[in-house]
Amino acid sequence: MAMTMMRSAMSSSQKKCGVGGLLINKEGSRLFSGFSFTPPPSSTPPPPPAEPSTNLFVSGLSKRTTTEGLREAFAKFGQVIDARVVTDRNSGYSKGFGFVRYATLEDAAKGIEGMDAKYLDGWVIFAEYARPRPQQPPQQYTGSPMSSPRY
DNA sequence: GCTGAGCGG
């Protein structure tokens with residue numbers, strides 16, 4: 001008899017505890033991850049500087065900067081073999097970047113150190129080594145290395 | 001002839 005009353009009392013003591021126990025801390029889960037970011041599986045590592053070469057890529061040029069201006073600016077740090085400001089064929093205006101070729105790698109390095117992040121015609125230019133472009137040498141033999149004229 | 005990241009004639 002008495003047990004019946006006690007059980008009914010305990011049941012009533014449950015009250016509304018079920019809803020209050022559900023708590024999720026978003027910040028807590030972030031802190032648990034701590035110092036470990038997932039590296040992106042997509043491999044697109046663009047190395048900012050290219051390998052040393054006498055060919056220099058100059059960006060950030062002013063629209064008013066011409067090939068002569070580029071050569072004059074870079075000639076102060078080395079012998080410039082060739083300088084060219086890339087211009088659009090349609091309009092003929094500068095694209096804002098150009099290429100400078102030095103006689104030696106030392107001059108190219110000095111040119112970069114001397115003209116990189118410097119002002120030219122009011123614009124900060126950036127000089128770095130140009131990338132090797134896919135320029136295939138125009139060979140008359142269709143590029144077949146099997147060409148053996150003599151045996 | 002200019003918007004202003006970028007790699008050419």
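Chain A is the first sequence line, chain B the second, and so forth, proteins listed ahead of strands; every chain is numbered from 1.
D107(A) CG to I112(A) CD1: the interatomic distance, rounded to the nearest 0.5 Å, is 11.5 Å. The NZ atom of K95(A) lies 14.0 Å from the OG atom of S59(A); values are rounded to the nearest 0.5 Å. With values rounded to the nearest 0.5 angstrom, F74(A) atom CZ is found 14.5 Å from R101(A) atom CZ. Between the CG atom in L120(A) and the OG1 atom in T65(A) there is a gap of 4.5 Å [rounded to 0.5 Å].
Rounding to whole angstrom units, CZ of residue R89(A) and P of dG8(B) are separated by 13 Å. Protein atom CD1 of I112(A) is 14 Å distant from nucleotide atom C1' of dC7(B), rounded to whole Å. At whole-Å resolution of the value, CZ in R131(A) and P in dG8(B) are 9 Å apart. Taking atom CG of residue D88(A) and atom P of nucleotide dG9(B), one finds them 8 Å apart after rounding to whole Å. Distance, R84(A) CZ to dC7(B) P: 17 Å, rounded to whole Å. Taking atom CG on D82(A) and atom P on dG8(B), their separation rounds to 15 Å, with Å as the unit. Regarding N90(A), its CG atom lies at a distance of 14 Å from the C1' atom of dG1(B), rounded to whole Å. At whole-Å resolution of the value, CZ in F97(A) and C1' in dC7(B) are 6 Å apart.
Among the atoms of the strands shown, base atoms are found under 4.0 Å from some heavy atom of G60(A). Note on L56(A): nothing from the nucleic acid sits closer than 4.0 angstrom, heavy atoms only. Within 4.0 Å (heavy atoms only), N55(A) reaches at least one base atom of the nucleic acid.
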Show your working on side chain to side chain contact (heavy atoms under 4.5 Å, CB included) between Y129(A) and L56(A) and close with a plain yes or no.
-> CA-CA 4 Å; Y129(A) 295 109; L56(A) 262 56; 3.9 Å; yes
Would you check, one step at a time, whether the test side chain to side chain contact (heavy atoms under 4.5 Å, CB included) holds for V58(A) with F99(A)?
-> CA-CA 6 Å; V58(A) 185; F99(A) 295 90; over 6 Å; no
Would R71(A) and D82(A) satisfy side chain to side chain contact (heavy atoms under 4.5 Å, CB included), going step by step from the backbone distance to the final call?
-> CA-CA 8 Å; R71(A) 179 187 290 265; D82(A) 184 34; 4.0 Å; yes
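Nearer the 5' end of DNA chain B, as judged by each residue's closest nucleotide, is the contact made by R64(A), out of R64(A) and V86(A). Ranked by how close their nearest DNA chain B nucleotide is to the 5' end, W123(A) and Y93(A) are led by Y93(A).
Annotation: proximity of residues 67-81 of chain A to DNA chain B (heavy atom, distance under 4.0 Å) is found for no residue.
If you check dG4(B), dC7(B), dC2(B) against the side chain of S62(A), the one that comes closest is dG4(B).
Contact annotation: R133(A) does not reach the phosphate of dG8(B) (side-chain N/O to OP1 or OP2, under 4.0 Å).
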